[in-house]
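What's counted below: heavy atoms across the whole structure, side chains too, no hydrogens, waters or symmetry copies.
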Amino acid sequence: MDLKNNIDNTRRSFLKLAGLGGAALCLGFYVPGDDGAILRRPSDLTDADIEMCAWILINTSGKVTIVSHRAEMGQGAYHSIPQIIAEELEVNLKDIDVIFAQGNEQKYGNQITGGSSTIRGSYKNLLKLSATAREMLVAAAALQWKVSIADCYAEAGNVIHKPSGKKAHYGELVQQASKLEAPKNPKLKKISEYKLIRQPLHRLDTPLKTNGSAIFGLDKKIPGMLYAAVERNPRLRGKVKSFDASLAKKVPGVKHIFTVRMGVHNTFREGVAVVADSTWAALQGKKALRVEWDDSGFEHLNSPEIFKRQEEFIKTKEGLPLKSQGNPSAIIEKSNKKLDVIYQTPYQSHSCMEPVNCIAHFQGDKVEIWGPIQAPGWVQEYISTQLGLPKEKVIVNMTFLGGGFGRKAFMDYPHEATMISKEVGAPVQVVWTREDDLTQGPYRPGISYRCQGVVTDGKIEALQFRMAGQNNDHWRGGKKDAANRSTSEGFLEPYYKSIKNLSISDVPFETPIPTMWWRSVYASTNGFAYESFMDEMALEAGKDPLEFRRAHLQDERCQKLIDKMEEVSGWKSRKKNEGYGVAITECFKSTVGHVVKVSKKPSGGIKIDKVWAVMDCGWYVNPDIIRAQVEGSIVMGLGAATIHEITFKDGKVEQNNFYDYPMPRINDIPTIEVYIIDNEEDAGGVGEPGLPPFAPALTNAIYDLTGKRIRKLPFSLATV
């Protein structure tokens with residue numbers, strides 16, 4: 001058949017099915033829209049304005065291979081995508097292999113792993129793609145056996161003829177299937193018919209990560225590879241004035257020492273690279289360097305100065321409006337009983353368990369990169385611009401990531417590795433130490449909030465938020481006369497219906513400190529301020545904190561979420577001398593509510609007794625992965641709220657390693673119960689939305705127990 005004549009080029013969303021060398025069935029899927037399937041050969045594709053997310057291959061042995069366009073950094077994409085495909089394709093998970101795609105936005109579309117987007121952005125097309133393939137394989141079998149399609153069904157990678165029991169595995173049918181036209185509207189299963197989806201199946205990547213076969217960035221080796229460590233300026237924007245390499249050159253194995261610059265957003269950080277034949281030699285050579293820095297021409301800030309300046313800004317400036325309705329300013333100004341308080345959250349490091357690392361091999365007309373990378377397309381774009389190479393000549397290979405949280409969606413470390421490889425003419429692996437990671441950034445920005453409100457007759461009459469903190473969009477050329485688009489992140493949409501006089505604004509604030517997205521982005525800081533202040537308004541209204549939220553969140557899904565929170569936590573039967581706090585936030589199309597219970601320790605301080613988390617993420621894949629992500633989010637939120645922060649003195653970071661930037665220990669972690677709301681709504685995110693409600697629920701619980709309102713993070717549970 002002539003496939004080209006069957007293509008409707010006006011469709012933006014379609015499935016592709018074609019023969020692969022006459023030996024396999026090749027399938028691809030696209031994110032935008034959901035308007036049908038069209039057959040097309042890979043060699044015919046012109047992916048100019050279509051986002052392709054992955055390919056599926058079925059070879060003649062019946063093995064299914066998924067080429068995943070997104071990174072696996074612990075969030076579960078490596079397992080969840082196969083679990084979706086296996087459901088509609090009717091194959092066993094053990095018969096699926098997963099490999100990572102190279103960076104190629106023309107072929108795969110957006111490959112950034114962030115914003116909890118992997119499942120919510122592609123699940124509908126994954127289901128449709130898999131069902132399309134299944135129906136074509138069934139049709140191929142029916143043609144081969146000369147029987148009715150209605151008498152055939154798919155199961156466990158086989159097509160079976162019901163009356164006769166005749167069976168053929170998918171590998172025997174791929175060639176025949178590749179010649180058929182893809183159905184435009186394949187029949188999808190109802191949720192009640194799922195056999196794999198919504199089941200707590202064991203993750204496919206767990207064995208790989210426990211038996212040592214998973215390849216992380218630090219595991220990757222390239223023939224002829226050298227190793228590099230870099231002594232970088234501790235202040236962004238500083239220069240190398242001079243360096244003494246005499247002692248470093250005496251370290252056995254050290255081969256090259258030179259200055260290097262890496263791009264950090266819209267500026268550069270300078271350093272001195274030591275290249276050796278082993279990581280150990282490179283690190284020892286780095287320690288032996290003597291570098292003199294030129295740090296003139298820019299501000300060297302201290303943490304108290306940063307937050308004092310932010311406070312001044314939010315008290316004296318209106319800011320750039322992001323959301324505005326009614327006239328809250330006039331109501332607040334006239335009121336004699338207005339609330340007017342300031343909340344503050346600190347800078348935080350990402351501190352992934354796998355420190356930053358990258359391999360690059362510059363080869364004149366191209367460069368190839370291997371490593372733990374969240375955003376291969378951004379890396380390609382940046383390096384192609386910096387080196388004047390065509391984008392397709394920047395080849396990016398993703399490995400497993402030992403954590404990302406936004407840090408590894410950054411272009412600095414691949415660029416630095418590329419420049420070092422270019423200088424020495426060989427592949428080079430650049431390894432960052434924990435100290436490099438903590439002192440170089442980028443960081444979650446520290447932010448101050450001014451929260452003002454008026455409560456009348458038990459309800460919010462006016463509400464006004466002003467935020468002052470670094471806008472991550474500005475690093476990438478965002479408009480400085482527009483509000484930070486994330487100023488309202490974490491704040492629930494239904495509030496806009498019930499609060500008639502409301503404004504949320506961004507007061508522009510800049511420093512030389514490099515910042516970047518951190519797990520749940522601005523919701524992790526906004527949520528603390530906005531949901532803590534919601535509790536303050538509930539107190540002003542004389543209302544139960546959860547009932548106060550219920551009255552302002554009339555959306556049916558929110559009501560069901562609150563019902564579940566009440567049920568599982570025993571909210572209405574809580575006792576005296578028990579502190580209970582609640583918070584509800586929304587980000588990446590998911591809503592999460594936390595209830596935290598605290599008590600006083602006999603020895604002093606506060607003990608977190610229990611956390612109940614209720615997540616409404618709509619359609620979901622694997623409840624075990626969801627629970628793990630919410631639990632991990634709570635642990636990360638606990639650390640950021642009560643244990644660690646990044647501080648600056650004379651423009652330099654004061655923390656160096658886990659001894660002064662400690663992580664929560666197992667004995668710090670309370671009992672956590674996670675509940676998932678079952679519904680058939682569109683899928684939301686999972687990896688990030690579980691974090692923002694924790695800090696405000698905790699501090700609201702502490703207020704309930706002690707009467708002490710905490711408005712600045714981090715704080716010590718031992719000294720509350």
Asks: Around atom NZ of K221, are there more than 12 heavy atoms of other residues, nucleotides or ligands at under 6.0 Å?
Replies: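 Above 12, so yes.
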Asks: So, the side chain of H350 versus the backbone of P442: is there a donor-acceptor pair under 3.5 Å, distance only?
Replies: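 Side chain of H350 to backbone of P442, a donor-acceptor pair under 3.5 Å: yes, one is there.
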Asks: May I have the step-by-step check of ring-ring contact (aromatic ring centres under 6.0 Å, His included) for H415 and Y413, ending in yes or no?
Replies: CA-CA 5 Å; H415 178 238; Y413 62 106; over 10 Å; no
Asks: Can you give me the closest heavy-atom contact between I257 and A245, atom names plus distance?
Replies: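 Minimum heavy-atom separation between I257 and A245: CD1-CB, 3.7 Å.
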Asks: Run through S520, S524, S349 and flag the one making a side-chain hydrogen bond (donor to acceptor under 3.5 Å, both in side chains) with R444.
Replies: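 So, applying the side-chain hydrogen bond (donor to acceptor under 3.5 Å, both in side chains) to R444 and each of S520, S524, S349, only S524 qualifies.
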Asks: Are the side chain of Q75 and the backbone N or O of T113 linked by a donor-acceptor pair below 3.5 Å?
Replies: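 No: the side chain of Q75 does not pair with the backbone of T113.
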Asks: What are the two closest non-hydrogen atoms of C352 and D437, and how far apart are they?
Replies: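 Looking at all heavy atoms of both residues, the closest pair is N-OD2, 4.3 Å.
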Asks: Is atom NZ of K652 surrounded by more than 12 heavy atoms (other residues, nucleotides or ligands) closer than 6.0 Å?
Replies: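 It does not: K652 NZ has 12 such atoms or fewer within range.
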Asks: Relative to F268, does R261 satisfy both conditions: NZ or CZ under 6.0 angstrom from the six-membered ring centre, and within 45 degrees of the ring's axis?
Replies: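 Satisfied, under 6.0 Å and within 45°.
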Asks: I need the single residue from V621, L204, D95 that forms a side-chain contact (heavy atoms from CB on, under 4.5 Å) with P82. Which is it?
Replies: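 Looking at V621, L204, D95, the match for P82 under the side-chain contact (heavy atoms from CB on, under 4.5 Å) is L204.
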Asks: Does N657 reach the main-chain N or O of Y659 with its side chain, forming a donor-acceptor pair under 3.5 Å?
Replies: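 Judged by distance alone, no pair lies under 3.5 Å.
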Asks: Donor-acceptor check, side chain of E489 to backbone of V521, threshold 3.5 angstrom: yes or no?
Replies: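 Not confirmed, E489 side chain does not pair with V521 backbone.
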Asks: Please report the shortest heavy-atom distance between W432 and D412, naming the atom on each side.
Replies: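 For W432 and D412, the tightest heavy-atom pair comes out as CH2-OD2, 3.8 Å.
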Asks: Quick check for you: to the nearest 0.5 Å, what is the distance between E305 atom CD and T511 atom OG1?
Replies: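 It is 11.5 Å, given to the nearest 0.5 Å.
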Asks: Taking all heavy atoms of R235 and all of H300, pick out the closest pair and write down the distance.
Replies: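 Minimum heavy-atom contact is NE-ND1, 3.5 Å.
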Asks: Out of the candidates I85, L201, V64, only one should pair with L93 under the side-chain contact (heavy atoms from CB on, under 4.5 Å) rule; please name it.
Replies: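 Answer to the side-chain contact (heavy atoms from CB on, under 4.5 Å) test with L93 among I85, L201, V64: L201.
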Asks: Does some side-chain heavy atom of R70 sit less than 4.5 Å from a side-chain heavy atom of S117?
Replies: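 They are in side-chain contact.
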Asks: Hydrogens and angles aside, do K712 and Q344 bring a side-chain donor and acceptor to less than 3.5 Å of each other?
Replies: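 Yes, a side-chain donor-acceptor pair sits under 3.5 Å.
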Asks: Are the side chains of L208 and F400 in contact, using a 4.5 Å heavy-atom criterion?
Replies: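 Side chain of F400 against side chain of L208, heavy atoms only: contact under 4.5 Å found.
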Asks: Could you give me the CA-CA distance, side-chain angles and deciding distance for W475 and V264, then say whether side-chain contact (heavy atoms from CB on, under 4.5 Å) is met?
Replies: CA-CA 9 Å; W475 290 112; V264 180; 5.8 Å; no
Asks: What class does the angle between the rings of W517 and W378 fall in, given that below 30° is parallel, 30 to 60° is tilted and above 60° is perpendicular?
Replies: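 Geometry flag for W378 against W517: tilted rings.
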Asks: Strictly by modelled atom types, are Q470 and Y347 linked by a side-chain donor-acceptor pair under 3.5 Å?
Replies: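 A donor-acceptor contact under 3.5 Å links the two side chains.
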Asks: Above 12 or not: heavy atoms from other molecules or residues under 6.0 Å from NZ of K391?
Replies: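 More than 12 within 6.0 Å, yes.
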Asks: Taking it one step at a time, do M663 and H644 satisfy side-chain contact (heavy atoms from CB on, under 4.5 Å)?
Replies: CA-CA 7 Å; M663 293 288 119; H644 50 66; 3.8 Å; yes
Asks: Show, in sequence, the C-alpha distance, side-chain angles and deciding distance for R407 and V356, and conclude whether the side-chain contact (heavy atoms from CB on, under 4.5 Å) test is met.
Replies: CA-CA 9 Å; R407 171 61 181 98; V356 178; 4.0 Å; yes
Asks: Just by modelled atom types, is the S486 backbone N or O under 3.5 Å from a matching donor or acceptor in the N526 side chain?
Replies: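 Pair found, side chain donor or acceptor close to backbone of S486.
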Asks: Kindly say whether T515 contributes a backbone atom to a donor-acceptor pair with the side chain of H265 at under 3.5 angstrom?
Replies: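 Flag set: sc H265 to bb T515 pair under 3.5 Å.
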Asks: Minimum heavy-atom separation for R519 and S633, please, with both atom names.
Replies: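 For R519 versus S633, the nearest heavy atoms are NH2-OG, 3.1 Å.
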Asks: Does any part of the side chain of T642, heavy atoms only, come nearer than 4.5 Å to the side chain of I608, both counted from C-beta?
Replies: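 I608 does not reach T642 side chain to side chain.
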Asks: Please check this pair: side chain of S421 against backbone of A426, looking for a donor-acceptor N/O pair closer than 3.5 Å.
Replies: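 Yes: the side chain of S421 pairs with the backbone of A426.
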Asks: Once you round to the nearest 0.5 Å, how far does CD1 of I306 lie from CD1 of I513?
Replies: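 The distance works out to 3.5 Å.
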Asks: How long is the gap from CD1 on I395 to CD on E368, to the nearest 0.5 Å?
Replies: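 Reported value, rounded in 0.5 Å steps: 4.5 Å.
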Asks: When you compare the side chain of P355 with that of T433, does any pair of heavy atoms fall below 4.5 Å?
Replies: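 Answer no - side chains too far apart.
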Asks: Quick check with a 6.0 Å cut-off and a 45 degree axis cone: is K209 positioned over the face of Y78's six-membered ring?
Replies: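 The answer is no, since K209 fails at least one limit relative to Y78.
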Asks: Assess, by modelled atom type and distance only, whether the side chains of Q83 and H79 contain a donor and an acceptor separated by less than 3.5 Å.
Replies: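 Short answer, yes.
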Asks: In plain terms, say whether K241 and D295 are close enough for a salt bridge, that is, a side-chain N and a carboxylate O under 4.0 Å apart.
Replies: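 Not counted as a salt bridge, because no side-chain N and carboxylate O are separated by less than 4.0 Å.
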Asks: For the side chain of Q380 and the backbone of I383, is there at least one donor-acceptor N/O pair under 3.5 Å apart?
Replies: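 Looks like no, no N/O pair under 3.5 Å.
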Asks: Are T418 and L387 close enough that some pair of their side-chain heavy atoms sits under 4.5 Å apart?
Replies: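 Yes, side chains in contact.
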Asks: Q348 and Y661: side-chain donor and acceptor closer than 3.5 Å?
Replies: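 Y661 and Q348 do have a side-chain donor-acceptor pair below 3.5 Å.
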Asks: Could you tell me which non-hydrogen atom of T399 sits nearest to which non-hydrogen atom of I215, and how far apart they are?
Replies: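 The pair with the smallest heavy-atom distance is CB-O, 3.4 Å.
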Asks: Rounded to the nearest 0.5 Å, how far apart are CZ of R627 and CD1 of I672?
Replies: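 Taking CZ in R627 and CD1 in I672, the distance rounds to 13.0 Å.
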Asks: Answer yes or no: is there a donor N or O on one side and an acceptor on the other, between the side chain of T267 and the main chain of R237, under 3.5 Å?
Replies: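 Answer holds: no.
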Asks: Within this structure, what is the CD1-CZ distance for the pair I447 and F307, rounded to the nearest 0.5 Å?
Replies: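 It comes to 9.0 Å.
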Asks: Any non-hydrogen side-chain atom of N656 less than 4.5 Å from a side-chain atom of T439?
Replies: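 N656 vs T439: side chains touch.
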Asks: What I'd like to find out is whether the side chain of I625 reaches to under 4.5 Å of the side chain of S80, using heavy atoms alone.
Replies: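 I625 reaches S80 side chain to side chain.
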Asks: Is the NZ atom of K308 crowded by more than 12 outside heavy atoms at less than 6.0 Å?
Replies: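 No, NZ of K308 has 12 or fewer neighbouring heavy atoms, counting only those of other groups under 6.0 Å.
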Asks: Check whether any side-chain heavy atom of M398 lies under 4.5 Å from a side-chain heavy atom of Q111, and answer yes or no.
Replies: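 Yes, at least one pair of side-chain atoms sits under 4.5 Å.
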Asks: Quick one: does E510's side chain have a donor or acceptor within less than 3.5 Å of a partner on P512's backbone?
Replies: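 The answer is no, because no donor-acceptor pair under 3.5 Å joins these two groups.
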Asks: What distance separates L247 CG from K250 NZ, expressed to the nearest 0.5 Å?
Replies: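 So the gap between those two atoms works out to 5.5 Å.
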Asks: Any chance you could lay out the side-chain contact (heavy atoms from CB on, under 4.5 Å) test for V611 and L698, step after step, and finish with the verdict?
Replies: CA-CA 9 Å; V611 181; L698 172 61; over 6 Å; no
